[in-house]
Amino acid sequence: MNIQTVLNPEAWAEQTFGQVQLRDMRRTRRAVQAACAIARDASASLPKQQQNWKGVRILVSLAS
């Protein structure tokens, strides 16, 4: 992984989580989106990172 990828939240999230097998491509896409949001503002709360409670619920469902 090069420095440009690490400094770009979208590229980092895609490279890190884009190939995970979560039974459904939509779940993989959500994992990438969630990781990207977390990387953009790591010190923020989950609701702020995910923009709303629906995003937090989706993130929690990915973990189960």
Side-chain angles (χ1 to χ4, degrees):
M1 191 175 299
N2 64 34
I3 192 72
Q4 305 303 54
T5 301
V6 173
L7 294 176
N8 181 330
E10 291 85 5
W12 170 81
E14 181 62 40
Q15 186 168 357
T16 304
F17 297 100
Q19 299 301 313
V20 297
Q21 300 295 318
L22 297 174
R23 297 175 294 200
D24 188 338
M25 285 304 297
R26 292 173 292 187
R27 291 173 61 98
T28 300
R29 187 172 53 244
R30 288 182 196 136
V32 171
Q33 291 169 346
C36 181
I38 291 168
R40 275 194 207 112
D41 193 1
S43 64
S45 65
L46 281 177
K48 184 174 181 182
Q49 290 169 340
Q50 302 303 316
Q51 304 296 318
N52 56 41
W53 281 104
K54 179 181 178 187
V56 174
R57 288 192 308 267
I58 289 170
L59 186 59
V60 169
S61 74
L62 288 172
S64 57

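For clarity, every value in this text was computed on a predicted model and none was experimentally measured.
- With sequence neighbours excluded, no residue satisfies salt bridge (Lys or Arg N to Asp or Glu O under 4.0 Å) with R23.
- Shown here for D41 and Q49, the closest heavy-atom pair between the two residues is O-NE2, 2.8 Å.
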Determine all donor-acceptor pairs shorter than 3.5 Å in which one atom belongs to a side chain in residues 29-37; sequence neighbours excluded.
none

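- Among pairs with a residue in residues 15-36, those fulfilling ring-ring contact (aromatic ring centres under 6.0 Å, His included) read W12-F17, at least two apart in sequence or across chains.
- For residues 49-59, there are no salt bridge (charged side-chain N to carboxylate O under 4.0 Å, His left out) pairs, not counting sequence neighbours.
- Looking at heavy atoms from C-beta onward, Q50 lies in side-chain contact with I38 at the 4.5 angstrom threshold.
- Taking the salt bridge (Lys or Arg N to Asp or Glu O under 4.0 Å) definition, one finds that R40 meets it with E10, sequence neighbours left out.
- For the atom pair OG1 (T28) and CD (Q19), the distance works out to 8.5 Å, reported to the nearest 0.5 Å.
- Annotation: side-chain hydrogen bond (donor to acceptor under 3.5 Å, both in side chains) contacts of D24 (sequence neighbours excluded): R26.
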